[in-house]
Structures are given as C-alpha cells and as structure tokens.
Amino acid sequence: MEYEFTLNGVPKTIMVERKDERIFVHHGDKTLEAEVRVISANAFSFLVGGRSCLVIVARDKDKKHVWLNGRTYLIQSGREEQRQAERGDDRAQKGKSVVTAPMPGKVVKVCVAEKDAVRKNQTLAIVEAMKMENEIKSPLEGFVKKIHVSAGDLVDSEKPLLELEAKT
Amino acid sequence: MFKKILIANRGEIACRIIWACREMGIVSLAVYSDADRAGLHVQLADEAVCIGPPSAVESYLNMDRIIETAQTSGAEAIHPGYGFLAENPEFARRCESAGIVFIGPNSRALELVGDKIRARQTMEKSGIPIIPGMNHVAADTAEYTVEARKIGYPVMIKASAGGGGKGMRIVCSEEELRPGLEAGQREAKAAFGDETVYLEKYIEDPRHVEFQVLADNYGHIVHLFERECSIQRRHQKIVEETPSPALTPELRLRMGETARKVLEVSGYNNAGTVEFLLDRNKKFYFLEVNARLQVEHPVTELTTGVDLVQQQIRIAAGEKLSLRQEDLVQRGHAVECRIYAEDPGNSFLPSPGKILYLREPRGPGVRHDGGVYSGWEVPIYYDPILAKLIVWAETRDSACARMAAALDDYVILGISTTIPFLKEVIAHQQFREGKTTTGFIKSFFENWREKEGPEEWLTLALAAAALDELSPFQKVAKAAGTEEAVHSPWQLLGRWRIGEKT
C-alpha cells in the first residue's frame, strides 16, 4: 500500500507491504525489510537485519511526531498542497500573506494599523511567550490588509495575526 | 521541625522541594495559578491552594496572597525555590514580620548581596578579589568616561540590581560608551526598576565556576565544592558539572575558603552560591552571590551525598549544621543538562504546547528532576525549563558517556526541546577535553541546525507513520473521540499478504 507524507515541506512517498510479522518498505530506490512488533499504542519495535530499533509515534491532528534512535521526525499525512486545499488556505496565493505567530503566546503589542504601508522586516507585532518577547516582522513590502488580533490576545502558532498585501 | 511548608513555586523545583518534604515527614502545601491546576507539583503535594490568574505578577509573585495562604493554611515556613520571590528582600522581610520562616537567607543579607555595588564594596574591604572596576555610581557620562579609561577597554556595563544578563553590555571603545550606558540603563530600569549601572573590566572568555555554601544560623559555614557552569547561551547556563576540569586541589581549597568568607562577611545564613570568574591565568574574581537554591544543585548532591533542600529546611528550622568541612569530599563526577521547551534550531524560540509523549531516561547513575508529564500542556506564561537530566559516574569521561546515552534515550514529543542541541554539546571534542569557557556556544554552535540522520532511519520513521495509520486503535480512538487509553494492537486486524489490495 502506498502512503504519502510531508516532512519539512518535502513530499515523501513510501510503499509498505506486509507479510505476517515482516514488512517491506519501498522508499525511493531502496527496499528495507523489517520484523515488527506492536509494543503499545505509541510504540513499535523493529528488527532490521538483527538490529533492534524502538520507534515511538505520537499523534496531533494530521501530524505524527515520530522518535527513533534519539531523533524526532515531524511527519504530516498527505501532501502539503493537498492539505492547504482542504483547509482553504490562501497563504499560498500570490501577493498575499497571512502572518502567523511562530509559537503560541500573548500579543503584547500590535505595531501597525490597517491600511498602513509596511517595509520588509518592519516589526508588525510583538508576541510574548515564556518571558521572552518576539518581534513579528513583515515578510514583504506592501500594506496591512487586515488585523485579526489586539494586545492581550492569546494566540497559537497557527492563528493568523494579520494579513498583508504585497506592493504591486 | 516544621509540620507544614508552603512551596511558593511551580514546575520541577516545586516537585523537588515536595520530595524533600515527604521524606522529612513534613506536609507540603503547593500553590498554583489557574494555568497550573493540572501541574505536576499540584499532583504531588499533600495540599494545594489556587493563588490567582496565570500571570505571574498576580499569582507566583503575589506576596500578600502567598503569605495570607500560608497563614490560613497553617504553614510555618515558605520555600521560594528559585526565580519568582526567591531573592526578593521585601518578601523575606514580610515573611519575617508575619512570623513565617522564609527558607533562605535573612532579608539583610539578601539586600546586601542583591545590590552589586554594595556587595563589591563589602568584598573589597574584606580582601576578596573582585573584578577591577567601579565601586560607586558615577554622577554623569563624563565620570563614567574617566572610570572606563582607568579600567581600560574593553569594559563591561553592569546593572547594580542585575542578574540574568539584563542591562549587561560589552564596550570596546570610548565611542561606544555613551550609547552603551544609555541602553544598559534603559534595560536595567525595565528589568529591575533601578537604572543604576557600573563599569567593570571585561574578562575575555572566562570560565564560570561557583561554590555551593551552607551556613547555619549560628555562624557555622561549610562549602560543598564547586560547579563549573561555563556552557551558557544568552548568559543562561545549560550544562553544569562538578568537579570543574579547571581546578587544581590547591586552587579549589583557596576558592572554597574565599566562598566561605564571602558568606561570613555578608552575615549570610542558609544555602547560597558564590559565583567566580576564572580567567585564562587561573586568577579568580568574585562575581556575585546567588542567594537561593540553584537550578544546578543536583550535581553537588550527587558528588557530596548531601541533600541540599533538606539541609535548607533544617537550617531554617534552627538546627545546627551537622556537616564539618573536613568530612566533606567530592566523589566521582556529575553532569547536568537543562531541558528547555525551546527550539534550538530556531534561535531558541520558546516552544510551549502539549507534551504528547514523554519517556524519561533511566539507568544506573541517572537522575531526572522533572516538572512535566505526558499530556501536560506547557503554559506560555512561565520560564521554559521542563526538567533537568543529571548523571553521576566515577570519572568525567564515563559521566559524559552516560549523559550522551541518557540524552539518546530521552523522548519528548509534541514540543521542541533543547535535547538534540545538548547531545551535540556533550559530544563536542572541546567539551570532552574539558575546555569549557563562557564563549563555547558562541564559538562552536552559532546558528546551529540539527544535522540530517541516516536515510534508513527516515525510512523506518515513515514506515512507523504508515503502520500507525493502519493501527485499529487509531480508528477506534477517532470514533470514540479520544486518542488515549485504547490498547488494541493492529495485529488484531488480521493478516494480509503481499500484493493483496487494501
């Protein structure tokens, strides 16, 4: 069976075949054979050519956080464009930009007003988290189309702070 | 001994203090903000009281509320942990006048060591080596200019009320002095409400070596040797160890005696840490006293066998120190790594959010002081420290190897942490050779990004993600609207064969 994932914005496709306790994973031009045991709701044990590898998976909506050999992979189900289409995400639309906070936090200050002209790298807002203030800078030159938040608002890392429109 | 102690803190340090209370048969009273109702410290404590909204100013920094809670709940003492009210002389004074024991130094000593200029004056008078520089406040920029010339550039601007790198500035030439002073004063004013700054000689690429000291209420003072804390970013420690690879027995003896003397001349009691800078020529200078239990106290506990939190409580209860300097020895080597909710690949940006999965490392000589659990939502309001990983082994080499293995076993999923960064710090050749200075991170880890792993690991990770999509437990959980507590391995789905359509 074929699976499509996205890792750091890059699409990854694998084919997984299963025979009893063995799986055959086709990734690119390589095939990897492993014996698998389910340890718990979060853990798989793989034996690859006699080498033992514990893999831990935690889910968060369409994202899977996968840990193995001391390393963490953030894997999203499906393809990036596909998900954006499903979400009705217009971030990809040309000349328009939705600015989001890089982490969850509290809006300390909004430094611009709607219809303001902004330069690239101009500070648009300040979001504070864990005693650290972070300046949110403009990714483009243009003007402020819409502001979604005001000082004191709590935001998560996906909530739009404001929308910009590029100078034409 | 006290019957009940209020712990005016949260997270891992509150948990650490609660453990000590438990072992001593003392009832622990946790206080919490609305954001921390489900916090680990609330779960561990015998009693818990809400002290206000999430904002620290209205909760963990709310002196009236905390003292009132202690009084109404019958707690005889307050342990402040570190941060929040730990080094606030006003809080110590208010506890004293409310008849509640503040587990820490007396308010006068707190006041003295908290004022950097006064502390420098006191130390110099007692013959304790201080960094060359000013011991007074200058009247104007002209006076600072004269002083800077006397000291010789580069100089360091420091806030008198300072700490944590706030208000600190390096100035390399006279042109930079005025703007540096203005920025330093502004920052100091914002951080401490006091714009007083002074100048010190800038010591290039020093080591940060501190001594743990305990003083009872009767003038008996012992030191518990040093901690090397040179691995810092933004003036914040991230890796600590003891013994320091830089100290000889002779230097250790001299620094230890100096540390004892620092507390003696400050009229200090309870636990304190005397910080020194050690320059390239192994000359040491008094930096400041940290008048609290330190984040990195466990490395001292593991090598001396002394429980520092229990000692703090005993001293505060009026017991005499039973430790004698000549009986104290350092055994083996201990290393600590601080686990922060930060993204090390993205300028250490804070990373609050839900911990989806947590597995703490275990094994011989591994200690984990944590304040979080699987399912806990790390709040946006407080310091990003999640836990501390501490290891002990017979030698420095084996302690480093043990730390590397423990970090490899440490799983935190859902938020970014400093774990991948710490692994590379511990693995670094310079670190392994003990060549640690405060410039280490800047020299070797500026703009750090995690390297890509082997292709085969990625394939396995993707395979696990695919198997996870198949797992019936996922489907059951989705249908039930829960993602937890359903144990039904995907084998139960039945077996499929190669080539079979699904």
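Protein chains get the first letters and strands the later ones, always in sequence-line order, with residue 1 at the start of each. For clarity, every value in this text was computed on a predicted model and none was experimentally measured.
Comparing B:Gly414, B:Ser416, B:Ser374, B:Ala341 by heavy-atom pairs within less than 4.5 Å of chain A, the highest count is held by B:Gly414. When each of A:Ile14, A:Ile56, A:Ile75, A:Val57 is scored by its heavy-atom pairs under 4.5 Å with chain B, the top score falls to A:Ile56. Ranked by non-hydrogen atom pairs under 4.5 Å with chain B, the options A:Met132, A:His26, A:Glu128 are led by A:Met132. In terms of non-hydrogen atom pairs under 4.5 Å with chain A, the most contact-rich of B:Pro454, B:Ala461, B:Ser351, B:Ser347 is B:Ala461. Contacts with chain A were tallied for B:Asp343, B:Asn346, B:Val411; B:Val411 has the most, counting heavy-atom pairs under 4.5 Å.
Residues A:His65 and B:Leu356 form a side-chain contact, since some pair of their non-hydrogen atoms from C-beta on lies under 4.5 Å apart. Residues B:Leu460 and A:Leu32 meet the side-chain proximity criterion, which asks for heavy atoms closer than 4.5 Å. Here the side chains of B:Leu458 and A:Leu7 are in contact, with some heavy-atom distance below 4.5 Å. The shortest distance between side-chain heavy atoms of B:Arg359 and A:Leu54 falls below 4.5 Å. A:His27 has its side chain within reach of B:Glu455: a pair of non-hydrogen atoms, C-beta onward, lies under 4.5 Å apart. Residues B:Leu462 and A:Tyr3 have side chains not in contact (no heavy-atom distance under 4.5 Å, counting atoms from C-beta outward). Contact check for A:Thr72 versus B:Glu450: no side-chain heavy atoms found under the 4.5 Å cut-off. The side-chain heavy atoms of B:Trp457 and A:Arg71, taken from C-beta on, include a pair separated by under 4.5 Å.
With a 4.5 Å cut-off on non-hydrogen atoms, A:Asn134 touches chain B through its side chain but not through its backbone. Residue B:Ala56: no heavy atom, backbone or side chain, is found under 4.5 Å from chain A. Residue A:Arg22 does not touch chain B at all, counting heavy-atom pairs closer than 4.5 Å. With a 4.5 Å cut-off on non-hydrogen atoms, A:Leu74 does not touch chain B at all. Interface residue B:Phe348: only backbone heavy atoms are found under 4.5 Å from chain A. For B:Pro420, no part sits under 4.5 Å from any heavy atom of chain A, backbone or side chain.
Remark: B:Asp36 pairs with B:Arg10, B:Tyr60 by the side-chain hydrogen bond (donor to acceptor under 3.5 Å, both in side chains) rule, at least two apart or across chains.
For A:Ala129 against B:Pro350, the heavy-atom pair with the smallest separation is O-CG, 3.5 Å. Taking all atoms of both residues into account, the shortest heavy-atom contact from A:Met130 to B:Pro379 is CE-O, 3.5 Å. Pairing each heavy atom of A:Pro104 with each of B:Pro352, the nearest pair is O-CG, 3.6 Å. Taking every heavy atom of both residues into account, A:Leu154 and B:Tyr381 meet most closely at CD1-OH, 3.5 Å. Across B:Ala464 and A:Val55, no two heavy atoms sit closer than the pair CB-CG1, 3.4 Å. Considering all non-hydrogen atoms of both residues, B:Glu469 and A:Ser77 come closest at OE2-OG, 2.9 Å.
Taking the charged nitrogens against the carboxylate oxygens, A:Lys30 and B:Glu456 have no contact shorter than 4.0 Å, which rules out a salt bridge. Between B:Asp468 and A:Arg59 there is a salt bridge, since a side-chain N of the basic residue sits under 4.0 Å from a carboxylate O of the acidic one.
Residue pairs that meet the salt bridge (Lys or Arg N to Asp or Glu O under 4.0 Å) test with at least one member in residues 410-421 of chain B, sequence neighbours left out, do not exist here.
For A:Lys106, the NZ atom sits in a loose shell: 12 or fewer heavy atoms of surrounding residues, nucleotides or ligands are nearer than 6.0 Å.
Considering CG of B:Leu467 and CZ of A:Arg18, their distance stands at 8.0 Å, rounded to 0.5 Å. Distance CH2/A:Trp67 to CD1/B:Ile419: 10.0 Å, rounded to 0.5 Å.
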